[in-house]
Amino acid sequence: MPHRPRTRAADPAAVDGDVVGDAARSAQGDIAGAAPGDLAGAAPGDLAITPGADGGPQCAAIRDRAAIQRRTLHTLILMQVIGTIGVGVAPSIGVLLAGEVTQNEAWAGLARTASTLGAALLGLPLGNLAARYGRRVALATGWWTAAAGGALLVVAAQASLVVPLFVGLLLIGAGSAVSLQARFAATDLAAPAQRARALSMVVWVGMLGSVLGPNLGIPGQWIGDRIGLNVYAASFLIAAVALAAAGLVVVVRLRPDPLLLLEADAPDPQAVAVARGVGPRTGRTRLMLAELRTNAPARFAVVGLLTAQIVMVSVMTMTPVHLAGHGDSIAVIGLTISLHVVGMFALAPVVGLLADRRGVRFTIVVGILVLLVSLLIGILRPDATGWVIASLILLGLGWSFVNVSASALFSTVVPPTVRASAQGGVDALANLCGATAAFLAGPLLVATSFATLSALAIVVLIPLTVMLVGPARLRGAAPVG
C-alpha cells in the first residue's frame, strides 16, 4: 500500500465536530509558506510576491492565496447559477417526459433514475479527472457532457425515442456530478474556520438555477411554439445551452486551479503523484479506500451523505408521480419541486455558519429531526396537496442540514493527497444509492402508497441516528461535542 501520511483527522478520538474551525490551525498556518512551487499554473500577476506590511513575502503570499479563493468562489457561484438551470430540469420535466415517451410504468421508473444513475457512474471518473488534471478540466468536462445529454434529449422528446431518452438522461447526470464536485472545490483553498461556509455558499447559489430548472416548461412552451418544438424538447434545448455555458465559465475563469495549488502544499509529493495518476491507474481508488478504512470521521461523514441522499431522492422522485395521480397540474408539480429545491438550498449559508460554530454533530441532529417531521407529514397527510408541498420543503431543508454538514466534515478530515478522488467516489456512491432508492421507490409507490414510502424512509434514518446517540462502540465514527 502506498505510504499515506497520518493526520490528526484520521484518529477518531482526536476529532471533534468543531475541528472544522480548529483555531489551532489559523489561516496563516493553513496557507502560509507559499513557495514558488505553489504558483504553478497561475497566470502572470495572479500570485506576485511582494513585501507585506512586515517587510516579508509571507503576508503577501497569504493575501494572494485569499484573493485566489475569492476569485474561485465567484467563478463557482456563477457556474452553479447557470449550470443548475440545466440540471434542475431532470427531476420534474425529465420525469414527466419519461412517462410520456415510454408509456410503461416499469420503463418510466428506470428512466426516472437514469440521470441520478448517470451522476453516480460519472462521479468517480470526474473525481479522478480532477485528481489528475485539476478542478478546471474536470468541471468543464462534466458540464459539456451534460450539455451533450441535453441536446440528445431534445431529439428524444421531439421524436419520442426511448434509447436517446435513456442515454440523454444518463449524460445529463454529469451536471449533477460536477455541481456536487463544485461544493468541494470551494473548500480547497478556504481557511479551516471558513470551510463549511465556503461550501454552503456554492450549495446556496445553486438554488436559483435549480428553482428555475423545474419550471422551464413555461419558457419552453413559448420558444417551442415559435421554432416548432414540443414543450419537452424546447425545455431541454434551454437546458443544453445553460449547461454548455457553465462549462465555458469554468474554462475562462477558473485560473489558477485551486486543487493544484492545494496539492502544491501537500507534505508528501510522492503520495500526491500517485493520487494524480502518475502511479498505477488503480492507485487513486486504493488510496481512497485505505483512507476510509482508517479515517473514522470520514466514514461517519459518508454515512451522513448517503442517508440524506437516499431519503431525499426516494421521496422527491415519486412526489410528481403521486401528485399527478391525484390530478394535480404540471404547474403545481413544478411549483412543488421548486419549493423543495428552495428548502434544499435557501438556508445552506446558515447551516454552514452553524456547522463552523456549533459543530457538525449539532447540525446533523437538526437535519435528522427536520427529515423526521417531513416524513411524518407524508405518512399522516399524503392526500392533501398543501401538506405534501410542506413535506417536500422540509425534506429539502433536512437534506441541506445533513448534506452540508457531512460534506464539510469530509472535506476537512480527508488529506489533500486523496481529496479529489475520495470526493468523487463518495459523490458517486451517494448518487448510486439515490438512483437505487429512486428505482425501488417506483414499484413501492405502485404496490403500496406514498405514506408507506415515507415510513420506509424513516427506517433509513436509523443507522445515522444510532451513530450519533448510540453506545460508544456503535458511535465510534461520530464526532463528539
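For the single chain, residues carry numbers from 1 onward in sequence order.
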Give, for atom [atom1] of [X] and atom [atom2] of [Y], the distance between the pair rounded to the nearest 0.5 Å.
X: Met201; Y: Ile77; atom1: CE; atom2: CD1; answer: 4.5 Å
X: Leu122; Y: Leu117; atom1: CG; atom2: CG; answer: 9.0 Å
X: Leu371; Y: Leu397; atom1: CG; atom2: CG; answer: 8.5 Å
X: Thr145; Y: Leu126; atom1: OG1; atom2: CG; answer: 6.5 Å
X: Leu409; Y: Arg361; atom1: CG; atom2: CZ; answer: 13.0 Å
X: Asp427; Y: Leu124; atom1: CG; atom2: CG; answer: 10.0 Å

Heavy-atom check, side chain of [X] versus side chain of [Y], under 4.5 Å:
X: Val251; Y: Leu139; result: no
X: Ile172; Y: Leu243; result: yes
X: Leu180; Y: Arg183; result: yes
X: Leu440; Y: Ser314; result: no
X: Pro258; Y: Ile68; result: no
X: Leu339; Y: Leu392; result: no
X: Trp387; Y: Leu380; result: no
X: Met316; Y: Leu395; result: yes

### Query
Taking it one step at a time, do Ile393 and His340 satisfy side chain to side chain contact (heavy atoms under 4.5 Å, CB included)?
CA-CA 4 Å; Ile393 295 172; His340 165 71; 5.8 Å; no
Checking [X] side chain against [Y] main chain: does a donor-acceptor pair fall under 3.5 Å?
X: Trp143; Y: Ala244; value: no
X: Arg358; Y: Thr363; value: no
X: Ser400; Y: Gly396; value: no
X: Ser411; Y: Ser407; value: no
X: Arg253; Y: Leu78; value: no
X: Ser115; Y: Gly173; value: no
X: Thr452; Y: Thr448; value: no
X: Ser449; Y: Leu445; value: no

### Query
With under 30° as parallel and over 60° as perpendicular, where do the rings of His322 and Phe450 fit, or are they tilted in between?
parallel
### Positive for side chain to side chain contact (heavy atoms under 4.5 Å, CB included) with Thr307, one of Asn403, Leu461, Ile462, Ile364
Leu461
### Query
Knowing that exactly one of Val373, Ile368, Leu372, Val366 qualifies, which makes a side chain to side chain contact (heavy atoms under 4.5 Å, CB included) with Val370?
Val366
Exercise: identify the closest heavy-atom pair between [X] and [Y]:
X: Gly220; Y: Ala234; answer: O-CB, 3.1 Å
X: Ala138; Y: Val178; answer: O-CG1, 3.8 Å
X: Ala242; Y: Ile82; answer: O-CG2, 3.2 Å
X: Gly352; Y: Ser200; answer: CA-OG, 3.8 Å
X: Ala119; Y: Ala177; answer: O-CB, 3.9 Å
X: Leu259; Y: Ala420; answer: CD2-CB, 3.5 Å

Any side-chain donor paired with an acceptor under 3.5 Å for [X] and [Y]?
X: Thr187; Y: Arg195; answer: no
X: Thr72; Y: Thr75; answer: no
X: Thr84; Y: Ser179; answer: no
X: Asp225; Y: Gln221; answer: yes
X: Gln309; Y: Trp399; answer: yes

#### Entry: Intermediate values then yes/no, salt bridge (Lys or Arg N to Asp or Glu O under 4.0 Å), Arg197 and Asp356
CA-CA 7 Å; Arg197 274 168 283 182; Asp356 281 334; 2.9 Å; yes
### Task
Could you please spell out the steps behind the side chain to side chain contact (heavy atoms under 4.5 Å, CB included) verdict for Gln181 and Gln423?
CA-CA 7 Å; Gln181 189 179 120; Gln423 290 164 345; 5.7 Å; no
### Query
Thinking salt bridges, do Asp188 and Arg135 make one under a 4.0 Å N-O criterion?
yes
#### Entry: Verdict with supporting geometry, Phe410 and Phe300, side chain to side chain contact (heavy atoms under 4.5 Å, CB included)
CA-CA 9 Å; Phe410 190 79; Phe300 170 76; over 6 Å; no
### Task
Would you sort out whether Phe236 and Leu152 count as a side chain to side chain contact (heavy atoms under 4.5 Å, CB included), showing the intermediate values?
CA-CA 9 Å; Phe236 278 108; Leu152 194 58; over 6 Å; no
